[in-house]
Colleague: 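Sharing a structure with you now.
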Amino acid sequence: MSAPPYQKLFWGSYHKHTAHLSHAREHGAYLLLIGALWNNDGRLPADDDILAGYAKLTPKEWQAIKPKLMPMFRVVRGKLTQPRVTEDLTKYKSTSGKRKVAGKAGGEASAGKKALNRPANASGLPTKPEPEPDKERTPSPQRGEIDLKRFSKALMIAADAGCGFDLMVDRIHKAQPVVEGKRRSTMPDVNRALSGALKRGGMPSDIWAAVQAYYALPANTKDGGQFASGAAVVLNKDRWREFLFPACAPSSAPAPAATFDGPPALRQSLVAFKDEDYARRWLDHYCRWDGAGRRLLAKTPAIVATLQRDLGPWLKNKDVTVALDAANSNSPAGQGRGEAA
């Protein structure tokens with residue numbers, strides 16, 4: 001039986017029994033020998049060269065401190081032992097053996113009770129339980145597995161998009177920009193993420209529209225789309241819903257501003273609080289600056305909600321509020337660039 005992975009050490013007792021040791025080398029050698037005994041069933045060869053090796057000392061160094069250490073050990077039949085180590089190992093083995101016996105007895109008793117509770121056959125003996133049929137399962141991106149019945153329902157919803165599930169996965173995968181010869185999310189990643197989005201009630205037509213809107217954002221087309229997230233990231237946690245409202249906006253609505261028209265220092269502080277990708281996605285293309293009222297004028301209610309949720313501490317620190325301005329025209333709402341952040 002192997003020793004437990006831990007060993008008790010009572011520092012009060014240790015200091016009492018090692019008071020005669022005066023150097024760190026002596027304490028270190030003693031503790032190393034105790035550890036070696038613990039890992040070797042409480043016995044080591046009483047050979048000076050071997051003991052010096054366990055203590056990480058040269059034979060000469062071991063001989064110099066041996067007279068101080070050996071009174072704390074015992075040599076029995078050519079083996080080095082230590083009373084406290086032997087006592088602790090014996091207790092561990094005894095306790096472990098008792099637990100093993102008790103566990104076996106408990107398992108047998110439990111099996112006996114289950115057998116008595118089963119109906120008897122014609123000979124009066126308990127019948128054997130019928131093995132439960134294995135349920136066919138399909139992997140899920142959120143949990144370990146889901147029932148095929150629920151997954152099939154999600155697949156049926158895909159008909160709303162006018163295409164099969166596999167074709168929809170292919171469309172979403174190909175909607176991603178190709179950066180350095182590859183797309184950020186692989187087909188299996190998109191497959192899992194789309195399965196989860198459908199299972200959580202997403203309509204395929206809405207998901208496809210939101211994905212198209214996301215990859216059409218100027219921030220995600222700049223520099224070949226290197227700043228765009230993968231499709232799986234957009235689909236997971238229903239992040240795609242954030243881009244559904246701009247995609248469904250009336251075609252007569254004016255295009256969002258290409259750059260933020262407010263104070264550059266304000267934008268820089270937002271980049272420091274979040275990142276450049278966030279500033280491009282939300283500030284540059286969906287907000288205008290109202291210098292008189294220190295307001296960010298967002299284009300849709302969804303954008304207002306997103307900014308208030310993500311930028312609460314930053315808005316409070318900068319004394320800025322977010323307001324809805326559906327028109328959000330390209331003409332500046334205030335002379336923001338001339339103002340301090």
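Fair warning: this is a prediction, and the values are worked out from it, not measured in the lab.
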Colleague: To the nearest 0.5 Å, tell me how far H27 NE2 sits from S22 OG.
Modeller: 7.5 Å

Colleague: Dump the intermediate steps for side chain to side chain contact (heavy atoms under 4.5 Å, CB included) on I34 and R84, then the final yes or no.
Modeller: CA-CA 10 Å; I34 291 295; R84 184 56 182 268; over 6 Å; no

Colleague: Considering non-hydrogen atoms only, spot the tightest contact between A231 and I172 and give its length.
Modeller: CB-CG2, 3.7 Å

Colleague: Just wondering, more than 12 heavy atoms not from R43 lying within 6.0 Å of its CZ?
Modeller: no

Colleague: Given side chain to side chain contact (heavy atoms under 4.5 Å, CB included), test M168 with I207 step by step and report yes or no.
Modeller: CA-CA 10 Å; M168 188 172 179; I207 294 174; 4.2 Å; yes

Colleague: Does the plane of the ring in W282 sit parallel, tilted or perpendicular to the ring in Y278? Use 30° and 60° as the thresholds.
Modeller: tilted

Colleague: Using 0.5 Å steps for rounding, measure from the CG atom of L235 to the OG atom of S229.
Modeller: 11.5 Å

Colleague: So, R74 side chain and P83 main chain: donor-acceptor pair closer than 3.5 Å or not?
Modeller: no

Colleague: So, does R294 use its side chain to make a donor-acceptor pair with the main chain of K318 at under 3.5 Å?
Modeller: yes

Colleague: When you compare the side chain of L296 with that of W289, does any pair of heavy atoms fall below 4.5 Å?
Modeller: yes

Colleague: Taking atom CZ as the centre, does R239 end up with more than 12 heavy-atom neighbours from other residues, nucleotides or ligands that are less than 6.0 angstrom away?
Modeller: yes

Colleague: Between L21 and M72, is there a side-chain heavy-atom distance shorter than 4.5 Å?
Modeller: yes

Colleague: Check step by step if side chain to side chain contact (heavy atoms under 4.5 Å, CB included) holds for K222 and R280.
Modeller: CA-CA 10 Å; K222 185 177 180 180; R280 289 180 179 180; 3.6 Å; yes

Colleague: Measure the CG-CG distance between D170 and N191 for me, rounded to the nearest 0.5 Å.
Modeller: 11.0 Å

Colleague: CG/L37 to CG/L44 distance, rounded to the nearest 0.5 angstrom?
Modeller: 4.0 Å

Colleague: Hey, does the side chain of S94 reach the backbone of T90 with a donor-acceptor pair shorter than 3.5 angstrom?
Modeller: no

Colleague: Contact between Y30 and I65 at the side-chain level, heavy atoms closer than 4.5 Å - yes or no?
Modeller: no

Colleague: Flag the pair D319 and K316 as a salt bridge only when some basic side-chain nitrogen lies within less than 4.0 angstrom of an acidic carboxylate oxygen.
Modeller: no

Colleague: Less than 4.0 Å between a side-chain N and a carboxylate O, is that true for K79 and D41?
Modeller: no

Colleague: Quick check: do T18 and E26 have side-chain heavy atoms less than 4.5 Å from each other?
Modeller: no

Colleague: Under 3.5 Å, is there a donor on one side chain and an acceptor on the other for Q7 and D88?
Modeller: no

Colleague: Would a distance-only check, ignoring hydrogens and angles, find a side-chain to backbone donor-acceptor pair under 3.5 Å from N317 to P313?
Modeller: no

Colleague: Is any side-chain heavy atom of F227 less than 4.5 Å from a side-chain heavy atom of L217?
Modeller: no

Colleague: Any side-chain to backbone donor/acceptor pair from D47 onto I50? Under 3.5 Å, distance only.
Modeller: yes

Colleague: Nearest 0.5 Å, what's the CZ-OH distance between F243 and Y286?
Modeller: 8.0 Å

Colleague: What about V233 and V211, same hydrophobic cluster or not, with Ile/Leu/Val/Met/Phe/Trp/Tyr joined at side-chain heavy-atom distances under 4.5 Å?
Modeller: no

Colleague: Give a yes or no on whether F73 and L31 share a hydrophobic cluster (residues Ile, Leu, Val, Met, Phe, Trp, Tyr; joining criterion: side-chain heavy atoms under 4.5 Å apart).
Modeller: yes

Colleague: List the residues meeting ring-ring contact (aromatic ring centres under 6.0 Å, His included) with Y54, not counting sequence neighbours, and say none if there are none.
Modeller: none

Colleague: Which residues pass the side-chain hydrogen bond (donor to acceptor under 3.5 Å, both in side chains) test with R309, not counting sequence neighbours?
Modeller: E242

Colleague: Ignoring hydrogens and angles, tell me if any N or O in the side chain of H17 forms a donor-acceptor pair with the backbone of S13 under 3.5 Å.
Modeller: yes

Colleague: Test your reading of the model: is there a side-chain donor-acceptor pair from Q63 to the backbone of K60, 3.5 Å cut-off?
Modeller: no

Colleague: Counting C-beta onward and ignoring hydrogens, is there a side-chain heavy-atom pair between E276 and R267 closer than 4.5 Å?
Modeller: yes

